[in-house]
Every structure is written in structure tokens, then in C-alpha cells.
Amino acid sequence: MSPLPGPGAQLHRLGVRPGMRLMTHAALGGTGLRAEALRDALLGLLGPRGTLAVPAFTPENSKTSSAHLERIAGLSEEEVRAFRERMPAFDPERTASHGMGVLAEAVRTAPGAVRSGHPQTSFAAVGEGSRELCAGHPLTSHLGEESPLGKMCGEGWKVLMINVGFSVCTAFHLAEYRIPKPPLRMYECVVKVNLPGLAGGRPGRHEGEPEGEGWTAYEDIALDDSDFAEIGRSFPEDRVHRGDVGRAPAMLFSLPDAVDHALEWMTENRR
């Protein structure tokens, strides 16, 4: 088998350029790529004026997510209660992401990386403006206008997807906040009382209550990615740059273009 070209050369051919602000999704199994090497190649191409960001989600920190329900499947009520009492609170500096892939973890743990403070849908970033991007991620905006994703859209970021399809395109979630009268639901997760980014600490905390950790409930958009693959199939091909990175297909496109397309599709097709 002939050796693979370096990921830097492939990424450049795909359209990654110095100074670009780039949100990346990747599944590296079978691609011939190592997470740290790919991260470093991306940062090398983006240069000191560029920014690399990844979703660093922790969906298992929940009472209703599929990730959490899988963990408690088959447990008795008493065992579930004990399991939840032992669940550690989200710590932006230490809690590993779940289901986001090894590249996301390589970015999250990179020197100089910054992470937003949402206990379920945080983002990690390296490069210029990372601290501002990740600051002030409120509980009630998982992936809305006040989240890092909303900021990325307003700043005209690009999205790079390696070996994954539109079914996991986080950018589409922002459109869910823009459709008329989006459905709402309650969420509940365990947080530190003094978690940075939560104004006044944990919602519902009473004055004088000792700091620590505990469960908190809040309302936000009912996120639904079940139709994302279909939304992606109708995304105009002339807005997508395609190529290979490692032994895997890759796509590069505008984040605002993806959100606009998803909003139009959802407005016409979701009920």
C-alpha cells in the first residue's frame, strides 16, 4: 500500500487556509490518521490568527439522554438513585467528552485549549479568540444564539467533517432555535454550584447555601437530530468542498450556509 500524503497537504487541497476559524467533526477509525497529528496539522495550517474548535459534549450528564439511559438500563430504582448520587458534576477542565471522538479529546486537552462551561454541550477551542468564544455559555442555550455555536455562525466560521456525514452536523442545531415557536423541554444535569458561566451559580441555589455540586433543572429547545441526514442530502453540492483526509472522505463548508439551509428545510418540513 502506498504511503498516505501528509494530512496538512490534503487539508490544504480541501480548502483549509491560514486565519480560518474552523469547527471540526471527525471519526478517525480506519482513516490512518492519529488525533494529535491531525490536530497539529490543522493548527499548523490555521496559523496564529486561526481558531480550531470542536464539540466537547457530555450527554451522559443527564437524566433523560440516551447516553445516560443506556448506563442505567436494567438497574432497580434504588440502584438508579445510588448511581445518580455518585455521578460527578461537570468540570470544564477535567470532564472528558463523550461520543465526540479522539480528535475532540486531543483538542480539548491541547496546550492553551479553552472550554465553555455548559455541562452537556460544551465546546473546546484553541487559537485566537478562543477564550471569548467559550465565555458565557448559559444553561438555557445548549446550541443557541448565546452559545459558542451561535457566536461561530455570527463570525462566519467554516465546518470541517472527516469520515462523518451530515447526520452529526452540530451546525444544524442552531437552526432549531430559529424556527417559529420551537418545542421546549426540561433538562436536568449535575453541576458544580460555583461552575463558571452559570450566573449566580447553580439556578435555584439559596443565599447562604454551601458551595458544592448538585442536580439542576432548566428549560431549553427540544433538540432533535433525527432528520439531519435528510437535511444534509438536500444541502446544495456547490456549497461543499469535498476531498480526502487520510483514507477518509472529508467535507468543508460554511457554517452560516449550513444553518440557513437547515432553517429553510425545517420551516418547510417539520411539524
Side-chain angles (χ1 to χ4, degrees), residues 23 25 53-69 90 97-100 116-125 133-159 161 164-191 195 197-200 202-204 215-236 239 253-271:
M23 180 174 73
H25 300 265
V54 292
F57 299 167
T58 49
E60 76 282 3
N61 182 9
S62 166
K63 287 187 176 179
T64 56
S65 71
S66 58
H68 177 75
L69 295 176
F90 172 75
S97 62
H98 178 79
M100 297 294 104
S116 69
H118 199 286
Q120 292 191 310
T121 55
S122 65
F123 288 80
L133 174 71
C134 293
H137 189 170
L139 270 176
T140 53
S141 186
H142 280 104
L143 299 165
E145 306 295 347
E146 297 177 85
S147 73
L149 182 62
K151 296 176 185 178
M152 292 180 209
C153 187
E155 295 171 358
W157 282 51
K158 301 288 187 180
V159 179
M161 306 189 76
V164 293
F166 284 108
S167 63
V168 297
C169 181
T170 298
F172 289 166
H173 280 299
L174 181 57
E176 296 186 283
Y177 288 77
R178 298 181 176 182
I179 58 178
K181 297 181 179 180
L184 303 174
R185 54 160 287 194
M186 295 300 298
Y187 294 86
E188 194 167 2
C189 56
V190 61
V191 300
L195 181 67
L198 300 187
R202 175 166 52 88
W215 288 88
T216 187
Y218 58 96
E219 187 178 57
D220 196 18
I221 299 298
L223 299 171
D224 177 12
D225 61 6
S226 62
D227 52 14
F228 281 13
E230 188 174 357
I231 294 172
R233 281 193 290 272
S234 62
F235 191 47
R239 297 185 186 181
F253 52 89
S254 160
L255 195 158
D257 281 355
V259 175
D260 289 345
H261 169 72
L263 176 59
E264 182 178 357
W265 192 98
M266 291 176 189
T267 302
E268 293 179 356
N269 295 282
R270 283 196 176 181
R271 296 292 181 265

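Note that the numbering runs from 1 along the sequence shown for the chain.
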Is a donor on one side and an acceptor on the other found under 3.5 Å between the side chain of Ser116 and the backbone of His137? no
Run the numbers on Leu143 and Glu176 for side chain to side chain contact (heavy atoms under 4.5 Å, CB included), then give the verdict. CA-CA 9 Å; Leu143 299 165; Glu176 296 186 283; over 6 Å; no
Show your working on side chain to side chain contact (heavy atoms under 4.5 Å, CB included) between Thr64 and Met186 and close with a plain yes or no. CA-CA 9 Å; Thr64 56; Met186 295 300 298; over 6 Å; no
Ser234: side chain to side chain donor-acceptor pair (under 3.5 Å) partners, not counting sequence neighbours: His261
Is there a side-chain contact between [X] and [Y] in this structure, where contact means two heavy atoms from C-beta onward sitting under 4.5 Å apart?
X      : Y      : value
Met161 : Val168 : yes
Ser147 : Tyr177 : no
Pro59  : His98  : yes
Glu188 : Ser62  : no

Hits for ring-ring contact (aromatic ring centres under 6.0 Å, His included) against Phe172, two or more places apart or cross-chain, chain-then-number order -> Phe166, Phe228
Looking at residues at least two apart in the chain, or sitting in another chain, which of them share a ring-ring contact (aromatic ring centres under 6.0 Å, His included) with His142? His118, Tyr187, Tyr218
What distance do [X] atom [atom1] and [Y] atom [atom2] have between them, rounded to the nearest 0.5 Å?
X      : Y      : atom1 : atom2 : result
Arg185 : Glu219 : CZ    : CD    : 10.5 Å
Arg239 : Asp260 : CZ    : CG    : 7.5 Å
Leu139 : Gln120 : CG    : CD    : 8.5 Å
Asp220 : Thr121 : CG    : OG1   : 8.0 Å
Glu155 : Cys153 : CD    : SG    : 10.0 Å
Arg270 : Asp227 : CZ    : CG    : 4.0 Å

[X] and [Y]: which non-hydrogen atoms are nearest, and at how many Å?
X      : Y      : result
Pro55  : Thr170 : CG-OG1, 3.8 Å
His173 : Leu223 : ND1-CD2, 3.7 Å
Leu133 : Ala125 : CD2-CB, 3.9 Å

Is it the case that more than 12 heavy atoms not belonging to Glu60 sit under 6.0 Å from its CD atom? yes
